[in-house]
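Okay, so here's the structure we're looking at.
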There are 2 protein chains.
Amino acid sequence: MALGRTYAEQDCSLARTLEVVGERWTLLVLRDCFLGVRRFCDIQAHLDLPRAVLSDRLKSLVAAGVLEQSGKEYTLTARGLSLWPAVYALQQWGERECAAAEGRRKLFRHVACGTDVDSVGFCSSCAVVPPVGEWEIRPGPGADLSLRQDRVAQVLAAGPHRLLEPI
Amino acid sequence: MALGRTYAEQDCSLARTLEVVGERWTLLVLRDCFLGVRRFCDIQAHLDLPRAVLSDRLKSLVAAGVLEQSGKEYTLTARGLSLWPAVYALQQWGERECAAAEGRRKLFRHVACGTDVDSVGFCSSCAVVPPVGEWEIRPGPGADLSLRQDRVAQVLAAGPHRLLEPI
DNA sequence: AGCCGAAGTTCATTCATTGAACTAAAGTCG
DNA sequence: CGACTTTAGTTCAATGAATGAACTTCGGCT
């Protein structure tokens, strides 16, 4: 038990979360789902991870009720969608603490009003934290658009993209 | 390189973050640091992880500037402290989505006013997200106080404990 | 029917984790 | 002071997970 994917009997909600999303690659797979990527090959090409690992992670996430599979498409469930604040918080830490020389790699904006959200996801003009479906991502000054050529990277490089909108 | 601890060249801040805190055990070690645990053996006993792994993770975190070591004590740097929103967001997801039958395992309160913070860390009576040093943790109805007997578990089971306060 | 791409599976190699045993230094007690 | 204990690690063989390449399977297209 103590080996691999679980964390020994701890009375700890963080350990419970990490048993679901704490394995290598899992959070990056979920981030792709938030971007709207739905197909196996698109995720695989974007993240450049072994197919066997992606297959395993998708199965685990479906089993945990974080993703659901219909045909060949994987989409976030309500449970999965509620991970967004955590994913965003981790992403923002990387933006601040592992910053690119030229600035933010990615910028997020509330589509309803056009205002950029802050580092906790708060929209200052609407005074709310918008649901993730109302967010839009666009490349920032620190983005390196030449790094990846896959389909997902191309869509994101092309300009603003609404989260969850199928890619 | 793509093996092990890093994530292939991705222009992605989430990947940068996960290179620092994404390995197995790392976030649980940091959670202990937020609780105020500072010594090697206390962390080891609380998490029940192999000493070799703890040693490796502490070295990595110090090298990444997330922790600093003075003598035998490890404490969070400013960089480390700014991970709290992400750690709390992940913990809250576990509380909601992997809930104990009896309710919350842990409850958090703003010490300045005594109000419980919400799931994004907002104190409704002060209308702020307090800095982590002003948070207090206490066992909730879903806590299983019999699971662990180590020193850290005992301190937490005994009653409210202010975060970052040395255990 | 034959071809192509998407979505996997299988497998040998490489790497990480585990747990037990060992070491070294600092603190405790008689 | 000297023996004992605790703390803070290191070392190592065995086990489990990740990798990348090759292979399979299925649906759609011509």
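Here is how names work: the chains are called A, B, and so on, in the same order as the sequence lines, proteins then strands, and each is numbered from 1.
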Between the main-chain N or O of [Y] and the side-chain N or O of [X], is there a donor-acceptor pair closer than 3.5 Å?
X: Arg16(A); Y: Glu97(B); answer: no
X: Glu95(A); Y: Arg105(A); answer: yes
X: Arg148(B); Y: Leu47(B); answer: no

Between [N] atom [atom2] and [X] atom [atom1], what is the distance in whole Å?
X: Arg57(B); N: dA8(D); atom1: CZ; atom2: C1'; answer: 18 Å
X: Gln44(A); N: dA18(D); atom1: CD; atom2: P; answer: 16 Å
X: Leu47(A); N: dA18(D); atom1: CG; atom2: P; answer: 15 Å
X: Leu54(B); N: dG19(C); atom1: CG; atom2: P; answer: 14 Å
X: Asp56(B); N: dA16(C); atom1: CG; atom2: P; answer: 9 Å
X: Asp48(A); N: dA18(D); atom1: CG; atom2: C1'; answer: 14 Å

Selected nucleotide, minimal atom distance to [X] side chain, candidates [options]:
X: Arg51(A); options: dT18(C), dG8(C), dG20(D); result: dG8(C)
X: Pro50(B); options: dA8(D), dT18(C), dT19(D); result: dT18(C)
X: Arg24(A); options: dT10(D), dG8(C), dA18(D); result: dA18(D)
X: Ala52(B); options: dT19(D), dG19(C), dA7(C); result: dG19(C)
X: Phe40(A); options: dG8(C), dA8(D), dG19(C); result: dG8(C)
X: Glu23(B); options: dT17(C), dA18(D), dA7(C); result: dT17(C)
X: Trp25(A); options: dT7(D), dT19(D), dT18(C); result: dT19(D)
X: Ser55(B); options: dT17(C), dT9(C), dG9(D); result: dG9(D)

Please determine whether residues Leu163(B) and Val120(A) belong to a single hydrophobic cluster, defined as Ile, Leu, Val, Met, Phe, Trp and Tyr linked transitively by side-chain heavy-atom distances below 4.5 Å.
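Shared cluster, no.
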Using the closest heavy atom to pick a nucleotide of DNA chain C for each, name whichever of Leu49(B) or Asp42(A) lands nearer the 5' end.
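On the 5' side of the pair lies Asp42(A).
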Note, Leu76(B) side chain near Val132(B) side chain (heavy atom, < 4.5 Å):
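Not in contact.
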Short of 4.0 Å, heavy atom to strand atom, which residues of residues 64-74 of chain B count as contacting DNA chain C?
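Contacting residues: Lys72(B).
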Linking directly or through intermediates, with side-chain heavy atoms under 4.5 Å: list the remaining ILVMFWY members grouped with Val111(A), chain and number order.
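Joined to Val111(A), directly or through intermediates: none.
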Can you confirm whether or not the ring centre of Phe34(A) sits under 6.0 Å from the ring centre of Trp135(A)?
no
